[in-house]
Q: 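Take this structure, written in structure tokens, and hold onto it; I'll ask about it next.
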Amino acid sequence: MAGSPPRVGVLALQGAFREHVQALERVGADPIEVRTPEQLDGLDGIVLPGGESTTMGILLDTTGLREPLTAAVRGGLPAFGTCAGLILLARDLEDGAVGQRTLGVLDVTARRNGYGRQLASFEADIVLGGGGVPLPGIFIRAPRITRVGEGVEVLAAIGDEPVAVRCGPIMASTFHPELAHDDRLHALFLERITPQL
Ligand code: GLN
């Protein structure tokens with residue numbers, strides 16, 4: 001129905017999916033937890049949350065979600081990955097677990113646990129491209145983006161290091177915007193989504 005809120009799936013196999021559901025509700029979407037391939041039907045977008053990318057990778061295989069999810073995002077389904085979700089989207093992975101595979105749909109290289117064990121978790125102010133009040137970035141055993149492909153737009157950086165990127169309908173951040181009580185990135189993601197009529 002025209003004017004109905006966009007149906008945004010949240011991959012709910014593991015990790016911080018409930019916080020994404022709440023953030024999506026706050027920005028006016030209709031979030032749906034996704035645990036089976038059938039639940040991908042009729043979505044206008046999908047969020048891949050933070051958590052543990054190796055566990056999520058295993059669960060993507062056991063649930064049968066890996067292939068249809070990859071095909072849907074390749075086919076243009078808008079996707080937003082945060083932290084482990086960014087790892088899942090990345091084309092290339094450094095320091096992955098043995099045998100770890102990503103969906104390979106976003107042309108960046110992610111270095112898993114890129115800040116090491118000494119500085120596993122931290123907060124940092126993040127200035128979005130358009131300026132404005134900095135966004136509170138919560139980093140939890142976060143990946144680093146060590147390469148961005150051509151055509152990948154850097155939405156936010158700390159110094160010269162990208163921490164949020166976008167390429168067409170795919171967005172990703174190395175931090176957890178869903179934990180920060182600042183919904184600007186979720187709102188930005190929704191702007192790119194056209195509900196199916
Ligand atoms: N280090 C985690 C991983 O490899 C990501 C951490 C997170 O999502 N907060 O998946």
Side-chain angles (χ1 to χ4, degrees), residues 2-35 39-40 42-53 56 69 72-73 76-90 105-106 108 110 121-145 148 152-158 161-196:
S4 56
R7 287 166 61 90
V8 181
V10 181
L11 188 66
L13 302 176
Q14 189 266 340
F17 56 86
R18 286 186 192 86
E19 292 81 356
H20 274 292
V21 167
Q22 290 161 4
L24 287 165
E25 280 170 350
R26 288 195 296 270
V27 296
D30 175 18
I32 291 137
E33 293 183 7
V34 172
R35 296 186 180 83
Q39 290 166 331
L40 292 171
L43 295 182
D44 299 309
I46 184 138
V47 170
L48 282 58
E52 178 47 58
S53 58
M56 278 193 246
L69 175 59
V73 178
L77 180 70
F80 180 20
T82 62
C83 203
L86 176 143
I87 295 174
L88 289 179
L89 291 172
V105 291
L106 174 63
V108 299
S121 301
F122 61 97
E123 292 192 27
D125 279 351
I126 291 164
V127 178
L128 292 175
V133 183
L135 195 131
I138 299 176
F139 294 79
I140 305 170
R141 300 204 312 119
R144 289 178 106 130
I145 297 171
V148 288
V152 176
E153 177 192 357
V154 175
L155 295 174
I158 297 182
E161 182 163 316
V163 293
V165 294
R166 176 164 64 188
C167 187
I170 303 181
M171 260 176 69
S173 66
T174 61
F175 56 93
H176 286 264
E178 77 285 6
L179 301 181
H181 303 289
D182 185 318
D183 299 323
R184 276 178 284 171
L185 282 186
H186 287 84
L188 198 62
F189 180 53
L190 273 207
E191 274 175 22
R192 287 289 168 111
I193 294 180
T194 315
Q196 291 160 11

Q: Could you state the interatomic distance from CG (L188) to OG (S173), rounded to the nearest 0.5 Å?
A: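 Answer rounded to 0.5 Å: 11.0 Å.
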Q: Please list, chain by chain and in numerical order, all residues satisfying side chain to side chain contact (heavy atoms under 4.5 Å, CB included) with A72, sequence neighbours excluded.
A: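 Side chain to side chain contact (heavy atoms under 4.5 Å, CB included) check on A72 returns L77.
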Q: Identify which one of I158, L135, I138 satisfies the side chain to side chain contact (heavy atoms under 4.5 Å, CB included) criterion when paired with F175.
A: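 Single pass found, and it is L135.
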Q: For E52, enumerate each residue passing the salt bridge (charged side-chain N to carboxylate O under 4.0 Å, His left out) test, keeping only those at least two apart in sequence or located in another chain.
A: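 For E52, the residues satisfying salt bridge (charged side-chain N to carboxylate O under 4.0 Å, His left out) (neighbours in sequence not counted) are R112, R141.
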Q: How long is the straight-line distance from CE of M171 back to CG of L106, given to the nearest 0.5 Å?
A: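 The distance works out to 11.0 Å.
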Q: For A156, which residues count as a side chain to side chain contact (heavy atoms under 4.5 Å, CB included) partner, sequence neighbours excluded?
A: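 I126, L128, V163, A164.
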Q: Who are the side chain to side chain contact (heavy atoms under 4.5 Å, CB included) partners of E153, not counting sequence neighbours?
A: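 Partners of E153 under the side chain to side chain contact (heavy atoms under 4.5 Å, CB included) test: L155, R166.
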Q: What residue among L43, V47, V10, L13 forms side chain to side chain contact (heavy atoms under 4.5 Å, CB included) with V34?
A: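 Exactly one option meets the side chain to side chain contact (heavy atoms under 4.5 Å, CB included) with V34, and it is L43.
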Q: Under 3.5 Å, side chain of R192 to main-chain N/O of G168, donor-acceptor pair present?
A: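 Checking the backbone N and O of G168 against the side chain of R192, a donor-acceptor pair under 3.5 Å is found.
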Q: Any carboxylate oxygen within less than 4.0 angstrom of a Lys/Arg side-chain nitrogen, looking at R26 and D183?
A: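 Yes.
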Q: P169: what forms a side chain to side chain contact (heavy atoms under 4.5 Å, CB included) with it, not counting sequence neighbours?
A: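 For P169 the side chain to side chain contact (heavy atoms under 4.5 Å, CB included) partners, ignoring immediate neighbours, are P78.
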Q: Taking ring-ring contact (aromatic ring centres under 6.0 Å, His included) as the test, write out the residues that go with F189, two or more places apart.
A: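 Counting only residues at least two positions away or on another chain, F189 forms a ring-ring contact (aromatic ring centres under 6.0 Å, His included) with F80.
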Q: Consider side chain to side chain contact (heavy atoms under 4.5 Å, CB included). Of Q22, H186, R18, which one does E178 pass it with?
A: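 The passing option is H186.
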